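Only this structure's heavy atoms are used, side chains among them; waters, hydrogens and symmetry mates stay out. Since the model is a prediction, treat every value here as computed from it, not as a measurement. Lettering of chains follows the sequences in order, A, B, ..., and the numbering in each one begins at 1.
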Amino acid sequence: MLELKALSKTYKTGDRALTNISFSVPAGQVVGLIGPSGAGKSSLIRCINRLVEPSSGSIYLGETELTKLSGRTLRQARRRIGMIFQEYALVERLTVMENVLSGRLGYVSGWRSFLRRYPQADIDQAFSLLERVGLGDHYNKRADELSGGQRQRVGIARALEQNPELLLADEPTASLDPKTSRQIMRLIQGVCRERNLPAIINIHDVVLAQNFADRIIGLRAGQVVFDGPSSALSHEALTRIYGAEDWDQVQQSSEPQNDEFLFSHAKVLELT
Amino acid sequence: MITNANTQTWQFRTPKQYMLRWAGWFWLVALTVFCWNLMTEDTIWAFVADAPRQASDIGGRMLPPRWGYLNELWQPLWDTLNIATLGTLIGVIIAIPVAFLAAENTTPSRHFVRPLALLIIVTSRSINSLIWALLLVAIIGPGLLAGIVAIGLRSIGFVAKLLYEAIEEIDESQVEAVRATGASGTQVIDYAIIPQVLPAFWGISVFRWDINIRESTILGLVGAGGLGLQLQSSLSTLAWNQVTVIFLVILATVVVSEWVSAKVRQAVL
């Protein structure tokens with residue numbers, strides 16, 4: 001379905017973000033992409049839809065070699081790839097409906113999109129997607145009136161409105177609270193199952209990644225250092241990805257115990 | 001809490017910075033004193049001493065206002081409003097493309113088109129509307145049209161500058177998201193950039209209209225139509241009580257335009 005071959009990216013500043021990345025994602029597989037900050041996770045998924053230009057290597061989506069495209073053909077390929085962003089990246093001053101319909105921009109003419117006259121089929125689909133993500137009544141609200149979780153749902157609906165063959169998500173839960181994060185991840189996992197849609201999800205939270213992804217790819221300093229099913233993500237693998245740390249404490253916990261950990265630290269400081 | 005022998009010191013500025021700042025202030029004061037001397041060299045102090053008497057003399061002639069003169073002012077007032085509004089409209093229409101060409105993130109070419117757009121902005125801004133009007137009265141003759149074009153030319157730079165700054169400050173992630181859907185360049189502008197700069201655009205345009213009302217009241221001084229023409233003729237015939245009426249009309253107009261622009265800005269933000 002999606003195949004990366006020897007993908008590398010070096011920025012103009014000389015920073016090597018990605019080195020010789022190769023893997024493929026079959027239809028319907030949800031991949032969690034984990035790694036420390038600056039490991040190249042964002043660069044990797046942005047290379048796939050060419051928001052960032054790869055320096056070398058090739059990327060295939062189905063039969064199409066994405067790395068060869070430019071101009072019109074590139075835009076046509078982008079239509080096939082839905083993307084979800086960390087800070088939602090909704091157009092804040094447009095309505096929920098306009099944001100969802102913007103997923104069709106690659107399909108309608110500039111004139112139609114300017115007049116907001118979308119084909120009825122697109123509008124029907126937008127309504128049913130809003131229903132699916134649980135925002136059926138909010139279509140006429142402005143995006144900036146919604147809460148974080150609701151905005152990310154609109155973001156998901158916008159990506160699905162493209163009828164994508166691949167879903168990319170860049171830290172979709174990083175700005176959300178733990179409960180909403182789980183709901184959003186469950187929603188993404190759910191829609192991928194329903195549509196047999198492959199997805200690559202950048203994520204900081206290892207526990208979330210393990211719970212909701214079929215496969216984990218660990219990135220460190222621009223190289224793949226782990227690639228396997230979520231269940232195979234051992235302490236040894238985590239150390240390879242992030243460096244040495246007491247993984248027991250992190251792994252058994254989600255937020256509350258982290259708080260406790262901080263709290264106990266605070267006490268220690270007080271005592272000294 | 002932590003106290004030990006080798007206490008670290010912290011200073012807001014290094015001694016060298018203190019010296020530099022002191023020297024800077026010293027020269028500023030010295031320059032001010034020097035300029036004051038230069039400025040007062042040619043002043044005839046007898047006239048200055050006379051100022052309060054002169055002021056009260058003119059003040060006395062200005063009062064009471066000749067209210068009957070109001071009837072002759074409605075037409076020029078209407079002209080003034082038209083000059084300001086049409087001029088702003090022309091300026092804004094031309095300023096929009098110039099702003100998009102000048103903004104770093106939307107310009108088609110950073111080395112050729114952008115400097116050109118910036119040049120247009122600087123040219124328009126560096127010449128006062130009164131000077132523009134003076135030139136235009138000579139070129140297209142006296143009257144409203146010269147005033148409208150003068151106001152329009154002056155507005156291009158102002159509106160384009162503020163607008164292109166607003167364009168450069170937009171949230172790029174929204175642009176990225178719209179581009180990721182496969183949207184074309186114009187669709188990205190339509191969906192990701194325009195919604196973000198629209199409030200700024202209305203704010204700037206109404207602000208400029210408000211300024212233009214004030215500026216167009218004096219354009220008549222150089223023959224470009226409007227209230228200024230009446231002001232000119234009243235001043236030259238020493239009809240001070242008419243001047244008062246004109247001043248009051250200008251004041252009222254400006255107050256109203258301020259109020260309108262405040263309301264509009266409230267509505268769009």
Side-chain angles (χ1 to χ4, degrees), chain A residues 42 45-46 48-52 69 71-95 98-116 142-144 154-155 158-164 168 170 269-270 272, chain B residues 1-4 93 96-97 99-101 103-111 162-206 264-269:
Chain A
S42 279
I45 68 166
R46 280 174 169 73
I48 295 173
N49 62 359
R50 300 268 306 275
L51 290 175
V52 166
L69 307 177
R72 191 178 185 79
T73 50
L74 174 61
R75 291 204 301 274
Q76 281 168 353
R78 278 181 180 154
R79 305 190 302 203
R80 299 158 60 194
I81 306 170
M83 188 159 174
I84 300 168
F85 294 83
Q86 175 180 352
E87 301 273 358
Y88 331 119
L90 300 180
V91 183
E92 300 279 313
R93 299 179 57 84
L94 295 184
T95 61
E98 283 173 292
N99 270 291
V100 177
L101 283 171
S102 68
R104 299 307 290 176
L105 282 176
Y107 292 92
V108 301
S109 69
W111 189 238
R112 280 194 100 144
S113 62
F114 176 72
L115 295 174
R116 297 343 188 219
R142 241 169 62 166
D144 53 8
V154 177
R158 172 174 63 188
L160 294 178
E161 178 78 9
Q162 289 174 240
N163 284 321
L168 303 174
D170 187 20
L269 283 177
E270 251 169 47
T272 47
Chain B
M1 266 186 28
I2 305 165
T3 44
N4 48 21
I93 289 171
I96 293 169
F100 275 94
L101 297 179
E104 282 205 46
N105 46 355
T106 54
T107 186
S109 132
R110 204 164 287 195
H111 299 293
L162 293 178
L163 189 59
Y164 95 72
E165 283 171 353
I167 294 172
E168 286 180 353
E169 278 167 22
I170 59 169
D171 172 13
E172 282 293 333
S173 72
Q174 299 179 29
V175 176
E176 201 180 32
V178 172
R179 190 176 294 131
T181 65
S184 68
T186 42
Q187 285 174 325
V188 171
I189 290 179
D190 179 12
Y191 273 73
I193 298 177
I194 290 180
Q196 292 194 60
V197 299
L198 210 56
F201 169 77
W202 285 113
I204 294 162
S205 303
V206 174
V264 171
R265 262 184 280 178
Q266 249 173 30
V268 293
L269 292 182

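Only the backbone of Ile81(A) comes within contact range of chain B, with heavy atoms under 4.5 Å apart. Of the two parts of Ser184(B), the backbone and the side chain both hold a non-hydrogen atom closer than 4.5 Å to a non-hydrogen atom of chain A. Within the 4.5 angstrom heavy-atom criterion, no atom of Arg50(A) approaches chain B. For a residue to count as touching a neighbouring chain, one of its non-hydrogen atoms must lie under 4.5 Å from one of that chain's; by this rule Leu90(A) touches chain B with the backbone only. If you measure heavy-atom distances from Phe85(A) to chain B, the contacts under 4.5 Å come from the side chain alone. Residue Ser109(A) touches chain B through its backbone alone, counting heavy-atom pairs closer than 4.5 Å.
For Ala192(B) against Val91(A), the heavy-atom pair with the smallest separation is CA-CG2, 4.4 Å. Residue Glu98(A) comes nearest to Tyr191(B) through the heavy atom pair O-CE2, 4.2 Å, listed as atom of the first residue, atom of the second, then distance. The two residues Ser102(A) and Thr181(B) make their nearest non-hydrogen contact at O-OG1, 3.5 Å. Closest approach of Asn49(A) to Ala180(B), counting heavy atoms only: ND2-CB, 3.8 Å. Listed here is the closest heavy atom pair of Ala177(B) and Arg158(A): CB-NH2, 3.4 Å.
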May I have the step-by-step check of side-chain contact (heavy atoms from CB on, under 4.5 Å) for Arg78(A) and Arg179(B), ending in yes or no? CA-CA 8 Å; Arg78(A) 278 181 180 154; Arg179(B) 190 176 294 131; 3.3 Å; yes

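Distance check, rounded to the nearest 0.5 Å: CG of Asp190(B) to CH2 of Trp111(A) gives 10.5 Å. Atoms CD and CG, on Gln174(B) and Leu94(A) in that order, are 8.5 Å from each other to the nearest 0.5 Å. Atoms CD and CG, from Glu92(A) and Asp171(B) in turn, are 7.5 Å apart once rounded to the nearest 0.5 Å.
Side-chain contact between Val197(B) and Arg93(A) is absent, with no heavy atoms from C-beta onward closer than 4.5 Å.
Residues Ser113(A) and Gln187(B) bring a donor and an acceptor atom of their side chains to less than 3.5 Å of each other.
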